[in-house]
Amino acid sequence: MPRQLRAEPVIAERWQDLLGLFGPNGAYSNCWCTWWLLTGGDWERAAPEDRRSLLEALVADGEEPGLLAFEGNTAVGWCAVGPRSRYARFTSSRARVYGALDDAESWVVNCFYIPREQRGSGVATFLLDAAVEFVAQRGGTLVEGYPIDQSVSQPGAAALFTGTLAMFEAAGFEEVSRTNNRPLVRRWLD
């Protein structure tokens, strides 16, 4: 029987679901999915509790910083998605690898957190498709990602937090640029 997954934006009523998924260590090593939100220096200076507070403040402010995949009432995965302008790593004057390609207003799918026991089961692919729909519902016309090209690099599973190039290409994204072996992929929406 195929999995019955549904995607829900993270809002205040789902904060506890996100906490349950991320666990006490905030997903990947106390990141709390804030690596993209902060410049490199700011991220290094931020304590884990500050990172958690930053993500919680986005949720409390109604920003919908990402999507949760649910199977029944259990959160089984996370995908960060938002306007490019939300993320300091993309907009900082020091953004070399992740700098803007042009002036197009884009949304970015930049992080997946899939617990070890759920990896390889299609949750990330489901979330990527849901993120594209999420952007379309909010009037966005361009979605970007910075996935890992596994033909060039074979990192461990946790390092695949940005997704894989193959997954993005299967979802209709096209590579439009590459910096330091990091592809930039885009998908224009109708």
Side-chain angles (χ1 to χ4, degrees), residues 2-3 5 7 18 21-23 25-40 43-44 65-71 75-84 86-92 94-102 104 106-136 140 142-189:
R3 294 185 83 165
L5 299 174
L18 181 66
L21 179 70
F22 278 11
N25 291 328
Y28 298 112
S29 302
N30 281 303
C31 178
W32 291 99
C33 212
T34 59
W35 192 83
W36 299 99
L37 294 168
L38 301 167
T39 63
W43 195 87
E44 290 294 329
L67 302 174
L68 286 172
F70 285 89
E71 188 166 35
V76 295
W78 151 266
C79 171
V81 58
R84 182 180 237 286
R86 177 185 292 160
Y87 303 104
R89 278 232 198 221
F90 295 131
T91 58
S92 164
R94 295 179 154 179
R96 291 179 199 100
V97 174
Y98 304 110
L101 183 65
D102 51 34
S106 64
W107 288 61
V108 181
V109 176
N110 56 25
C111 187
F112 296 86
Y113 175 69
I114 313 299
R116 185 172 285 120
E117 65 275 6
Q118 298 291 336
R119 293 178 190 158
S121 67
V123 175
T125 300
F126 169 80
L127 280 167
L128 179 56
D129 291 339
V132 169
E133 181 64 26
F134 176 82
V135 171
L142 176 61
V143 186
E144 295 181 342
Y146 287 88
I148 297 289
D149 181 351
Q150 290 182 296
S151 72
V152 175
S153 174
Q154 292 291 323
L160 297 175
F161 67 93
T162 57
T164 66
L165 180 59
M167 180 178 75
F168 276 85
E169 288 176 335
F173 287 76
E174 295 180 6
E175 183 174 335
V176 295
S177 176
R178 190 176 283 242
T179 304
N180 296 341
N181 273 331
R182 179 60 75 138
L184 164 61
V185 296
R186 283 182 159 178
R187 178 172 167 188
W188 289 92
L189 308 180

Given the rule in the side chain to side chain contact (heavy atoms under 4.5 Å, CB included) test, do Phe112 and Met167 qualify, once you have shown the distances and angles that lead to the verdict? CA-CA 12 Å; Phe112 296 86; Met167 180 178 75; 3.6 Å; yes
Please report the C-alpha distance between Val143 and Leu189 in whole Å, then the side-chain angles of each, then the deciding distance to 0.1 Å, and finally whether the side chain to side chain contact (heavy atoms under 4.5 Å, CB included) criterion is met. CA-CA 8 Å; Val143 186; Leu189 308 180; 3.9 Å; yes
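- The nearest pair of heavy atoms linking Leu128 to Phe168 is CD1-CE2, 3.5 Å.
- At least one side-chain heavy atom of Tyr28 sits under 4.5 Å from a side-chain heavy atom of Tyr113.
- Smallest separation of non-hydrogen atoms from Gly77 and Leu127: C-CD1, 3.6 Å.
- By the 4.5 Å heavy-atom criterion applied to side chains, Val132 and Phe173 are counted as neighbours.
- Residues Arg86 and Pro65 form a side-chain contact, since some pair of their non-hydrogen atoms from C-beta on lies under 4.5 Å apart.
- Thr164 and Gln150 get closest at one heavy-atom pair: CG2-OE1, 3.5 Å.
- In terms of modelled atom types and a separation under 3.5 Å, the side chain of Trp78 and the main chain of Ile114 share no donor-acceptor contact.
- Rounded to the nearest 0.5 Å, atoms OG (Ser121) and CD (Glu71) are 7.5 Å apart.
- Residue Leu37 forms a side-chain contact (heavy atoms from CB on, under 4.5 Å) with just one option from Trp32, Tyr87, Trp43, Phe90, and that option is Tyr87.
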Just do the side chain to side chain contact (heavy atoms under 4.5 Å, CB included) check on Glu144 and Val176 with the steps written out, would you? CA-CA 10 Å; Glu144 295 181 342; Val176 295; over 6 Å; no
Trace of the side-chain hydrogen bond (donor to acceptor under 3.5 Å, both in side chains) decision for Arg182 with Thr162: CA-CA 11 Å; Arg182 179 60 75 138; Thr162 57; 3.1 Å; yes
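- Side-chain contact between Val135 and Leu142 is absent, with no heavy atoms from C-beta onward closer than 4.5 Å.
- At least one side-chain heavy atom of Pro147 sits less than 4.5 Å from a side-chain heavy atom of Val185.
- The two atoms that bring Ala104 and Trp188 nearest to each other are CB-CH2, 4.0 Å, heavy atoms only.
- Under the rule for a side-chain hydrogen bond (donor to acceptor under 3.5 Å, both in side chains), the partners of Ser151 that lie at least two apart in sequence or sit in another chain are Asp149.
- With sequence neighbours left out, Ala131 forms a side-chain contact (heavy atoms from CB on, under 4.5 Å) with Leu67, Cys79, Val81, Val109.
- Listed by first and then second residue, the salt bridge (Lys or Arg N to Asp or Glu O under 4.0 Å) pairs that reach into residues 162-176 are Glu175-Arg178, sequence neighbours excluded.
- The shortest non-hydrogen separation linking Cys111 to Trp36 is CB-NE1, 4.2 Å.
- Remark: Arg89 qualifies as a cation-pi partner of Trp35 under the 6.0 Å distance and 45° angle criteria applied to the six-membered ring.
- Residues Phe70 and Leu5 fail the side-chain proximity criterion, which asks for heavy atoms closer than 4.5 Å.
- The closest donor-acceptor contact from the side chain of Asn25 to the backbone of Ala27 lies at 3.5 Å or more, if one exists at all.
- Nearest heavy atoms, Asp129 versus Ala171: OD1-CB, 3.8 Å.
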